[in-house]
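Have a look at the structure below before the remarks.
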Amino acid sequence: MEAEEHLFRREAGRLVALLTRVFGIHNLALAEDVVQDAFCRALETWKFHGVPENPQAWLMKTAKNRALDVLRREGTARRFAPELERELDSEWTLAPALEEAFAAGLNDAQLRMMFSCIHPRLPEETQVALVLHLLCGFGIDETAAAFLKGRAAMEKRLARAKRTLAASKRLFDLAGPAEVAARLPAVLRALYLLFNEGYHGASPHAAVRAELCEEALRLLYLLLEHRVTATPAAHALAALMNLHAARLPGRQDAEGNLVLLADQDRSRWDAACIVEGRRQLELSAAGTELTPYHVESAIAAVHARSSSAEQTDWDEIVSLYDVLMRIQPSPVVAFNRAVALAQRFGSARGLEEIARIEDRKRLKRYPFYHAAVAEFELQLGRLAEARDSFAAALKLARNPAERRLLQEKMSNPALLERH
Amino acid sequence: MSEFALLYRSTQEAHREAMGSPEKAQQSMTKWRAWFKEMTEKGQLKSIGQPLERVGSVVTGKKKTVTDGPYAETKDVIGGFSIIEARDLEQAARIASGCPILEFGGCVEVRPVMQLNV
């Protein structure tokens with residue numbers, strides 16, 4: 001049989017988490033070595049003998065055997081996970097303890113690693129990079145590419161971050177509800193950033209990188225499966241990701257061109273994702289806390305139930321953006337609100353609202369800001385301004401798909417006429 | 001038709017480089033599988049052969065001294081072998097040039113298998 005896509009990467013993330021729980025977070029590098037070794041063995045033997053029936057089990061068993069060697073060989077020289085110290089100390093209990101650690105809690109191990117990566121002393125982007133590297137098995141090159149950074153810079157940053165992690169006394173413990181509650185918002189935030197990087201990241205090659213979205217969703221579902229971390233906010237984020245992921249098939253056409261929300265063929269939206277998004281939205285309604293994820297997923301749900309841009313309840317969307325402006329004001333939210341108002345009351349209103357955004361400067365780095373302004377100007381017949389705005393947008397376009405979309409908009413006959 | 005042994009050689013660093021990251025390892029494996037499949041379909045692969053552990057023992061001399069190997073002085077180590085069939089050495093080398101190990105800094109040694117029939 002052939003290995004399913006990204007099998008190695010996903011299993012690497014799982015095995016590093018499992019082994020770190022046995023070895024202790026201070027031995028993170030050792031855990032990574034053992035996993036690397038297991039993958040070398042897989043590569044060598046599978047290329048000759050083919051992929052075994054159950055590749056996951058094969059990899060896990062190989063890593064476990066290597067771990068057992070390491071524990072026996074270095075048992076006296078090294079200290080391992082403090083919570084398993086006693087069991088790992090004796091040859092009688094060593095193998096069963098390892099067996100149990102591997103069998104008991106794959107999800108638990110991954111969650112503890114995830115919370116550990118969201119280390120308060122690390123900058124947000126580094127936390128996300130670390131999650132991608134350690135939990136999703138992305139190599140240094142792939143992590144660097146995900147964040148559009150150079151390899152050397154990413155290597156240095158990950159090495160420093162891993163030293164910070166390894167200096168912690170132990171893996172983050174999910175048993176303390178207060179500690180979990182304190183760190184969970186940052187964990188959700190990291191997954192939100194990871195998803196967004198895939199959904200509308202600034203990659204020069206691809207406008208949509210679905211694999212980053214998939215990884216964010218996969219990790220989020222680990223949180224949803226755990227009693228302590230399945231909070232209303234986590235469900236709201238799951239609703240948001242599902243409802244946005246539903247639109248991924250419509251965001252690009254067969255040639256890889258970007259399609260704006262208003263022009264998307266909504267029959268291509270993923271119905272199963274929409275159903276799941278709605279289910280998560282319902283689950284998020286428990287409790288009293290209203291997070292930005294709740295509001296953003298409510299907005300996405302309005303789009304998901306509308307058959308076209310014209311059929312959309314823009315009043316509802318505007319009022320949701322009003323709420324979002326209250327709980328998490330930002331120029332981007334204000335801009336999206338202005339676009340919704342333009343849908344409801346026309347382009348003049350859109351431009352008025354945009355002019356009123358405080359801190360508008362920050363939006364000017366964003367190609368779709370200029371593109372939206374251009375669109376409004378075009379509709380109001382201000383052709384010279386529209387041309388300038390489209391040109392500004394084109395200059396900021398980050399990948400071929402964005403450039404093609406803008407060039408197509410600029411080829412509008414109205415804009416080409418001479419005055 | 002003659003038989004040729006392909007010996008897959010690489011240094012420890014090249015071997016690690018091929019691994020690089022889990023994703024790269026998987027891509028590398030996929031390429032090897034595809035290459036073996038291609039040779040099989042063309043009837044060129046006599047025996048896929050075996051992968052070899054990179055370390056073992058070396059027995060030397062009349063005293064039959066056993067030391068850990070492979071030899072420290074040889075930089076590249078045989079990581080596996082296959083047997084192929086080809087018209088001549090030239091064609092065998094051409095077949096070997098499709099080996100994915102070449103993308104990762106390794107090399108393939110092509111050696112005619114000596115036959116009893118002259």
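Lettering of chains follows the sequences in order, A, B, ..., and the numbering in each one begins at 1.
In the displayed structure, B/Q115 atom CD is contacted under 6.0 Å by more than 12 heavy atoms of other residues, nucleotides or ligands. Remark: B/Q12 CD is packed, more than 12 non-hydrogen atoms of other residues, nucleotides or ligands lying under 6.0 Å away. No more than 12 heavy atoms of other residues, nucleotides or ligands shown are found within 6.0 angstrom of NZ on B/K46. For B/E109, the CD atom counts as densely surrounded, since its 6.0 Å shell holds more than 12 non-hydrogen atoms of other residues, nucleotides or ligands. Heavy atoms from other residues, nucleotides or ligands lying under 6.0 Å from CZ of B/R111 number 12 at most.
Within the 4.5 Å cutoff, the side chain of A/I140 has no heavy atoms near those of the B/S21 side chain. Between A/H49 and B/P51 there is a side-chain heavy-atom pair separated by less than 4.5 Å. Between A/K47 and B/T30 there is no side-chain heavy-atom pair separated by less than 4.5 Å. For the pair A/D141/B/K24, a side-chain contact is recorded, criterion being any heavy-atom separation below 4.5 Å from C-beta on.
The contact between A/R41 and chain B is made entirely by side chain atoms (from C-beta outward), counting heavy-atom distances below 4.5 Å. Residue A/E11: no heavy atom, backbone or side chain, is found under 4.5 Å from chain B.
Separating the CE atom in B/M29 from the OG1 atom in A/T45 is a distance of 9.5 Å, to the nearest 0.5 Å. Distance check: A/E44 CD to B/Q50 CD gives 12.5 Å after rounding to the nearest 0.5 Å.
Between the side chain of A/R9 and the main chain of B/E23, no donor-acceptor pair closer than 3.5 Å is present. At distances below 3.5 Å, not a single donor-acceptor pair connects side-chain atoms of A/Q36 with backbone N or O atoms of B/P22.
Counting heavy-atom pairs closer than 4.5 Å to chain B, the top residue among A/F39, A/F48, A/F8 is A/F48.
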